[in-house]
Amino acid sequence: MSDASKKDSELMKKIVSLCKSRGFIFQSAEIYGGLNGCWDYGPLGAELKRNLKDYWWRRHVQERDDIVGLDGSILTHQDVLKASGHVGGFSDPMCDCLLSKARLRADQIVPQTGTAYHFTGVTHEESGWSIEKDYSVLLTEGQDPNKARKTARLYYSQFLTDKQISPKKLELKGESTEEVSDSTRYNPENGSLLTEPRAFNLMFKTQMGASADENDESAVAYLRPETAQSIFVQFKNVLETNRLKLPFGIAQIGKSFRNEINPRNFTFRSREFEQMEIEYFCHPDDGMALTEEWLEARLKFYEEIGIPREHLHILDVPDGERAFYSKKTYDIEYEFPFGIQELEGVAYRTDYDLSVHQKGSGKSLEYFDDQKKEKFIAHVVEPSAGCDRTILALICEAFDEETITNDKGKDETRTVMRFDPKMAPIKAAILPLLKNKPELVDKAREVQKALQPFMNVFYDDGGAIGRRYRRQDEVGTPFCITIDFETLGEEAADLKDTVTVRERDSMEQSRMPISELLPFLLEKIH
RNA sequence: GCGGGUAUAGCUUAGUGGUAAAGCUCCAGCCUUCCAAGCUGGCUACGUGGGUUCGAUUCCCACUACCCGCUCCA
């Protein structure tokens, strides 16, 4: 591992550790040993996520008159996913090589012709060890039969409990041969038998109805693999009930599930994840231009929530790597400590989605333009963002450790989560300077009550004031409001009912009348 | 899915074939007039399940989870 990646790995460890110790993110079912790739958001994580989703919704739905919202069901009719291509079409059957463990796409295996050597097992006389397991090796014409036996011994040797035993000492059992032609059951690389082709089930499959039979195909339903499909399927209902005209969008935030995902990198890749998607429908002529517009709009959004442009990368997905129906796709990527990884895809999906559902359902999903007297299937541009990934990016971006020199001239580390105030889980901490002075405590509680209806604030009177400031730094609270003796009017009459406002990033303090707190904070967090 | 590594308190680590130590955190109390002060007290851990053993957190096996490298990611 290089120094840089080691440093990044250390950084990621710190971030994961802070997420747990401060209550942002916990492992799912931790007390039962954990559930692979599943995570729970703790109190602060839940606030953070809510802030992100709320802001996304406000920006893209409430503050625009061309986008409306939808909240579709997670359980999905199997016909929807058959039409979309998720059932069948997109899942490539794969085989694993029993010897080398290499994974091959079944449809890409070059058919082989030759002699198959079958074996039923192997024994090791000295130790008495043996195993019964069918295995075969394919030899093409002219190859030495001993090559098949050697390969088979190698295969069986992987089951040896005593790794000291040489594969050469293994006695093969039940050898027989068979002529085969054009077979794709063997690895062209080494002749080893492959596993049966297995369709990777990308989706979580379930049965509808409490008494549904496991084999009842008609009871099959799926957890949605993306939020997009319910938008396409409800396109007509939304269009007809909302007096919409192209171009317009339908937005949705919600959970999606993909079983094939190999969980990695903390919450980055999970089997259960939340998406924030817009399907923006338009005239076919406008698709390309709108893709560019959406890319810009989304980059601006990231900037607004505190992820600067210079930490984002835009990948113009080249021909051949895009989905076959997409004419243009941009990936917006973020520089995570574990690498540059995708946050969002902005894809021009043409009329693929509405076309397949029109065909699949037999219902017309065409759009009629009254003015141009033109009928067509709308094209769609899809900005599809990963909510959990964006949360992780916000956390990585916010994390900072700075060295400051304290009063005694000693260096110490201050951990600060530099969240944008819009995103910060706690907007302000209300702190009475001293806990054992009831006048301060009462006043602080008053301030807390005044702010609570408008934002998430946090009251804390435990320990020294400096400690409380640092605690808030570590969870990213942008402002600390301290009720002190000036507030009570004990020092100077004109300072009565003013408080200390301490800013997280600069640690600077200023005085402010209590009456100005609310407008001040609202302006910062909006 | 494959290979490697790891698993002790909320966090970071120590340690042992006879059930465990420390720092930080946290809680309570005292004290404290602005950046992790101090004092006193307190809660909390050997991932799960087997095996060996008189006895296992320690040795062995399996499982689970996390991390790293591949693979995969419509």
Side-chain angles (χ1 to χ4, degrees), chain A residues 1 5-6 8-10 12-14 16-23 26-39 42 81 84-92 94-97 99-105 158 161 195 198-203 225-226 228 258-266 268-269 271 321-326 338 341-342 345 404-408 410 412-416 431-437 440 462-474 480 482-488 490-491 499-504 506-509 511:
Chain A
M1 201 183 277
S5 65
K6 196 171 174 180
D8 289 339
S9 172
E10 290 303 308
M12 203 53 214
K13 277 196 183 120
K14 283 183 185 173
V16 172
S17 173
L18 182 135
C19 280
K20 184 178 182 193
S21 64
R22 309 311 317 218
F26 305 121
Q27 165 119 57
S28 178
E30 195 192 83
I31 61 169
Y32 286 100
L35 183 60
N36 183 255
C38 292
W39 305 89
L81 296 163
S84 68
H86 288 88
V87 176
F90 291 149
S91 58
D92 303 312
M94 306 285 279
C95 300
D96 293 325
C97 173
L99 186 66
S100 69
K101 308 296 177 198
R103 176 162 292 168
L104 299 106
R105 268 179 62 172
Q158 66 186 319
T161 39
T195 58
R198 201 155 64 88
F200 270 58
N201 201 343
L202 311 167
M203 290 187 291
E226 58 182 26
R258 298 185 192 182
N259 215 352
E260 100 283 11
I261 292 289
N262 194 344
R264 265 303 153 85
N265 291 327
F266 198 29
F268 181 82
R269 195 168 296 184
R271 295 204 167 106
E321 288 180 33
R322 291 192 304 271
F324 65 89
Y325 47 73
S326 176
F338 46 81
Q341 298 277 356
E342 182 186 346
I404 54 176
T405 309
N406 67 15
D407 300 343
K408 296 164 196 113
K410 253 177 72 182
E412 54 183 28
T413 303
R414 183 173 81 116
T415 303
V416 200
L431 316 169
L433 186 60
L434 296 175
K435 183 189 193 173
N436 56 1
K437 297 282 185 291
L440 292 175
I465 189 72
R467 170 180 294 277
R468 282 179 274 161
Y469 285 153
R470 296 300 174 80
R471 264 201 290 247
Q472 292 307 314
D473 289 341
E474 212 170 302
C480 286
T482 305
I483 285 70
D484 49 32
F485 292 95
E486 282 90 339
T487 314
L488 303 176
E490 286 182 8
E491 309 290 319
V499 291
T500 301
V501 176
R502 181 262 194 187
E503 204 269 330
R504 176 195 65 204
S506 63
M507 299 198 286
E508 272 166 19
Q509 306 188 343
R511 284 213 80 77

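All figures in this text were calculated on a predicted structure; none of them were measured in a lab. Both backbone and side-chain heavy atoms feed into the values below; hydrogens, waters and symmetry mates do not.
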Picking from [options], which would you name as closest to the side chain of [X]?
{"X": "A/A464", "options": "B/A65, B/C34, B/A37", "result": "B/A37"}
{"X": "A/R470", "options": "B/C11, B/A37, B/C35", "result": "B/C35"}
{"X": "A/R264", "options": "B/C66, B/C70, B/U33", "result": "B/C70"}
{"X": "A/I465", "options": "B/C31, B/G1, B/C34", "result": "B/C34"}
{"X": "A/E490", "options": "B/A65, B/U33, B/C35", "result": "B/U33"}
{"X": "A/W39", "options": "B/A74, B/C66, B/U33", "result": "B/C66"}
{"X": "A/N262", "options": "B/U33, B/U71, B/C34", "result": "B/U71"}
{"X": "A/H86", "options": "B/C34, B/U12, B/A74", "result": "B/A74"}
{"X": "A/R269", "options": "B/C72, B/C11, B/A65", "result": "B/C72"}
{"X": "A/N265", "options": "B/G10, B/C34, B/C68", "result": "B/C68"}

No-H, no-angle donor-acceptor pair, [X] side chain to [N] base, under 3.5 Å:
{"X": "A/T500", "N": "B/C34", "result": "yes"}
{"X": "A/E474", "N": "B/A36", "result": "yes"}
{"X": "A/R468", "N": "B/C35", "result": "no"}

Determine which nucleotide pairs with [N], using a 3.5 Å limit on both distances of a Watson-Crick or G-U wobble pair.
{"N": "B/U40", "answer": "B/A28"}
{"N": "B/C59", "answer": "B/G51"}
{"N": "B/A74", "answer": "none"}
{"N": "B/A7", "answer": "B/U64"}

State whether A/K20 places a side-chain N or O below 4.0 Å from either non-bridging phosphate oxygen (OP1 or OP2) of B/C11.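 True: A/K20 side-chain N/O within range (under 4.0 Å) of B/C11 OP1/OP2.
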Looking only at atom [atom1], what distance separates [N] and [M], rounded to whole Å?
{"N": "B/C60", "M": "B/A56", "atom1": "C1'", "value": "11 Å"}
{"N": "B/G4", "M": "B/U19", "atom1": "P", "value": "35 Å"}
{"N": "B/C46", "M": "B/G69", "atom1": "P", "value": "31 Å"}
{"N": "B/G17", "M": "B/U71", "atom1": "P", "value": "43 Å"}
{"N": "B/C39", "M": "B/U44", "atom1": "C1'", "value": "23 Å"}
{"N": "B/C68", "M": "B/C63", "atom1": "P", "value": "22 Å"}
{"N": "B/A37", "M": "B/A45", "atom1": "P", "value": "27 Å"}
{"N": "B/G47", "M": "B/C2", "atom1": "C1'", "value": "24 Å"}

Mind checking what makes side chain to side chain donor-acceptor pair (under 3.5 Å) contact with A/E226, not counting sequence neighbours?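 Once residues adjacent in sequence are excluded, the partners of A/E226 under the side chain to side chain donor-acceptor pair (under 3.5 Å) criterion are A/Q229.
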Check every strand shown and say whether [X] touches a base, only sugar-phosphate, or nothing at a heavy-atom separation below 4.0 Å.
{"X": "A/S17", "answer": "sugar-phosphate"}
{"X": "A/R414", "answer": "nothing"}
{"X": "A/G37", "answer": "sugar-phosphate"}
{"X": "A/E30", "answer": "nothing"}

Please examine the side chains of A/T500 and A/R511, heavy atoms only from C-beta on, and report whether any two atoms are closer than 4.5 Å. yes
Quick tally for nucleotides 23-30 of chain B: nucleotides whose base has a protein heavy atom under 4.0 Å get B, sugar-phosphate-only ones S, the rest -, giving --SS--S-
Distance in angstrom units between A/F266 CZ and B/C68 C1', rounded: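 Rounding to the nearest Å, CZ of A/F266 and C1' of B/C68 are 17 Å apart.
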